[in-house]
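Numbering of residues begins at 1 and proceeds along the displayed sequence. Bear in mind that the values here come from a model prediction, so they are computed numbers and not experimental data.
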Amino acid sequence: MSSSTSTAVIPPVLAEVVRSGYVEGHHRGSLVLLGADGTVEMSAGDPSAPVFPRSSNKPLQAAAVLRAGAELTGERLALATSSHSGEPFHLDLVRKMLAEHGFTESDLRTPPGLPLDQVEAEAHLAAGGVRERVVMNCSGKHAAMLAACAHNGWDPAAYLDPEHPLQRLVRDEIEAATGETVAVTGTDGCGAPLLAVSLVGLARAFRSYVLAEPGTPQRRVADAMRAHPEYVAGTRRPDTWLMREVPGALSKMGAEAVQAVALADGRALAFKIDDGSGRATGPVLARALRILGVDSPVVDRIADVPLLGGGQRVGEVRAAF
């Protein structure tokens, strides 16, 4: 048997799982924090390596939709960036957006899904609901993409093709905002093209959105998200809490434990938990915000991820950096 030496860097531990006072597990990952001037203030792991930002790319995709000429504002623009919880107000607005541009739920190319929020999923099933395309958490983004197709006369049946005019605009926007060339193209869970960039690039993109000139597509997206955060996430989600309670904050999670945040003055962060475990994102996000100097009760709320034993709290997932 031949052997070889691997040069891969093992990501550092960003969070640990503590049960009954005993550390029973770890979550590793990479992270970057930017100062208000855009320079790297802290990093862990390899934040310069490409990752799939997953839904943290949605604000950039929404800016491309605006560049395509789709006139989305307010709650509709916020919903275009969303990984929504599947609450009734989310689904009602997706349906309205589709109808306003001449589409129905059957035009969505999202896979049928249940509400992302567990409370909403249980209520949906208890009421006899089934998996539906409109319920899937990316349906707001897809409705916005269809709106861009309607505005330009583009083929709506092919809007997820990487060579579709809209998806070429998305690539251009991502490369411009991150200052990087897309490293890898894949397919996201919703079926849309998925473009890999580094965590440093992702943090810089979010920073550029909060600092963009008013009226630009980037600033319009950031302003809509911050004005209507419940449409970006839901009523029981950390992105909503953070944007509601920290003035000027822009926050968007992504699947596989990705998170990006920018603060009003340009401080920003991005991280990915290597094993994709969402339970580590709250403690890591809270610790990163504290390092950046955010002092708000919402940080403690985001950090709190209890472990249960017999229905009682017996431990927690906590940051380890």
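In this structure, the side chain of R207 engages the main chain of G266 through a donor-acceptor pair within 3.5 Å. Although no hydrogens or angles enter the test, the distance criterion places a donor-acceptor pair under 3.5 Å between the side chain of D107 and the main chain of T104. Of the possible donor and acceptor atoms, one in the side chain of T240 sits under 3.5 Å from a partner among the backbone N and O of P229. The backbone N or O of G315 lies less than 3.5 Å from no partner atom in the side chain of R19, so there is not a single donor-acceptor pair.
V210 and V246 sit in two unconnected hydrophobic clusters of ILVMFWY residues. Membership requires side-chain heavy atoms under 4.5 Å apart, directly or through other members. Cluster membership check: L146 shares its hydrophobic cluster with L77, using side-chain heavy-atom separations under 4.5 Å among Ile, Leu, Val, Met, Phe, Trp and Tyr. Both L242 and V284 sit in one connected hydrophobic cluster of ILVMFWY residues. Membership requires side-chain heavy atoms under 4.5 Å apart, directly or through other members. In the hydrophobic clustering of this structure, L14 groups with L292; members are Ile, Leu, Val, Met, Phe, Trp, Tyr whose side-chain heavy atoms approach within less than 4.5 Å, directly or through other members. Hydrophobic clustering of Ile, Leu, Val, Met, Phe, Trp and Tyr side chains at less than 4.5 Å, counting indirect connections, unites F321 with L33.
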As a quick check of understanding, evaluate side-chain contact (heavy atoms from CB on, under 4.5 Å) for V258 and V51, giving each step before the final call. CA-CA 9 Å; V258 177; V51 300; 5.5 Å; no
Candidate pair D300 and R290, rule salt bridge (charged side-chain N to carboxylate O under 4.0 Å, His left out), full reasoning: CA-CA 10 Å; D300 292 333; R290 291 189 181 110; 2.5 Å; yes
With side-chain contact (heavy atoms from CB on, under 4.5 Å) as the criterion, how do L202 and F206 come out once you've worked through the C-alpha distance, each side chain's angles and the decisive distance to 0.1 Å? CA-CA 6 Å; L202 183 62; F206 271 59; 3.9 Å; yes
Let me see the working for L125 and L114 under side-chain contact (heavy atoms from CB on, under 4.5 Å), right down to the final yes or no. CA-CA 8 Å; L125 292 170; L114 297 173; 3.9 Å; yes
What do the steps show when you test H27 against D275 for side chain to side chain donor-acceptor pair (under 3.5 Å), and what is the final call? CA-CA 7 Å; H27 295 290; D275 63 10; 2.7 Å; yes
Between R244 and E230, is the salt bridge (charged side-chain N to carboxylate O under 4.0 Å, His left out) condition met? List the steps. CA-CA 9 Å; R244 275 282 179 233; E230 68 278 5; 2.6 Å; yes
For T235 and E87: C-alpha separation, side-chain torsions, deciding distance, then whether side chain to side chain donor-acceptor pair (under 3.5 Å) applies. CA-CA 8 Å; T235 56; E87 295 174 68; 2.8 Å; yes
Could you check E132 against S139 for side chain to side chain donor-acceptor pair (under 3.5 Å), going step by step and ending with a plain yes or no? CA-CA 10 Å; E132 300 177 62; S139 63; over 6 Å; no
Evaluate L307 against V317 for side-chain contact (heavy atoms from CB on, under 4.5 Å), listing each step before the verdict. CA-CA 7 Å; L307 295 183; V317 181; 4.1 Å; yes
Can you list the steps and then say if S198 with E180 is a side chain to side chain donor-acceptor pair (under 3.5 Å)? CA-CA 8 Å; S198 75; E180 299 178 0; 2.4 Å; yes
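Ion pairing between a basic and an acidic side chain is recognised when a charged N comes within 4.0 Å of a carboxylate O; R133 and E105 show no such pairing. Salt-bridge formation is detected for the pair R313/D304: a Lys NZ or Arg NE/NH1/NH2 atom is positioned less than 4.0 Å from an Asp or Glu carboxylate oxygen. With respect to R76 and E100, a salt bridge is recorded, a charged nitrogen being found less than 4.0 Å from a carboxylate O. A salt bridge is absent between D239 and R237: the closest approach of a Lys/Arg side-chain nitrogen to an acidic carboxylate oxygen does not fall below 4.0 angstrom. Salt bridge R267/E41: absent, no basic N to carboxylate O contact under 4.0 Å. A salt bridge links R226 and D223; the closest N-O separation between the charged side-chain nitrogens and carboxylate oxygens is under 4.0 Å.
We find the CG-OG distance between L194 and S55 to be 9.0 Å, quoted to the nearest 0.5 Å. The distance from atom CG of D188 to atom CZ of F52, rounded to the nearest 0.5 Å, is 8.5 Å. Residue L269 holds its CG atom at 7.0 Å from CG of L263, rounded to the nearest 0.5 Å. A distance of 13.0 Å separates NE2 of H228 from OG of S82, quoted to the nearest 0.5 Å. Taken from CZ in R204 to OG1 in T39, the straight-line distance is 8.5 Å, to the nearest 0.5 Å. Rounded to the nearest 0.5 Å, atoms NE2 (H84) and CE (M136) are 8.5 Å apart.
At a cut-off of 3.5 Å, with distance as the only test, no side-chain donor of T181 or E175 sits close to an acceptor on the other residue. Of the N and O atoms on the side chains of Q167 and E163, not one donor lies less than 3.5 Å from an acceptor on the other residue. Counting only N and O atoms by type, the side chains of D46 and S30 include no donor and acceptor under 3.5 Å apart. Side-chain atoms of E173 and Q61 form no donor-acceptor pair, as typed in the model, at a separation below 3.5 Å. A donor-acceptor pair shorter than 3.5 Å can be found between the side chains of K58 and S83. Side-chain atoms of S85 and R236 include no donor-acceptor pair closer than 3.5 Å.
Pairing each heavy atom of L169 with each of W154, the nearest pair is CD1-CH2, 4.0 Å. The shortest non-hydrogen separation linking F103 to P156 is CE2-CB, 3.7 Å. Closest heavy-atom contact between A260 and S56: N-OG, 4.0 Å. When all heavy atoms are compared, the tightest approach of H142 to C190 is NE2-SG, 3.2 Å. Taking every heavy atom of both residues into account, P53 and L195 meet most closely at CD-O, 3.3 Å. Taking all atoms of both residues into account, the shortest heavy-atom contact from H90 to G234 is CE1-CA, 3.8 Å.
The shortest side-chain heavy-atom distance between V135 and L91 falls under the 4.5 Å cut-off. Under the 4.5 Å side-chain criterion, counting only non-hydrogen atoms from C-beta, V221 is in contact with T81. Two residues are said to be in side-chain contact when any heavy atoms from C-beta on lie closer than 4.5 Å; K252 and V232 meet this criterion. The shortest side-chain heavy-atom distance between R95 and V134 falls under the 4.5 Å cut-off. With a 4.5 Å cut-off on side-chain heavy atoms, V299 and L285 do not count as touching. Residues L34 and V32 are in side-chain contact: their nearest non-hydrogen atoms beyond the backbone lie under 4.5 Å apart. E256 has its side chain within reach of K272: a pair of non-hydrogen atoms, C-beta onward, lies under 4.5 Å apart. In this structure, R220 and T73 have side chains that are in contact, with non-hydrogen atoms separated by less than 4.5 Å.
Within a 6.0 Å radius of CG in D37, more than 12 heavy atoms belonging to other residues, nucleotides or ligands are found.
The aromatic rings of F89 and Y231 sit perpendicular to each other, their planes meeting at more than 60°, with 30° as the lower class boundary.
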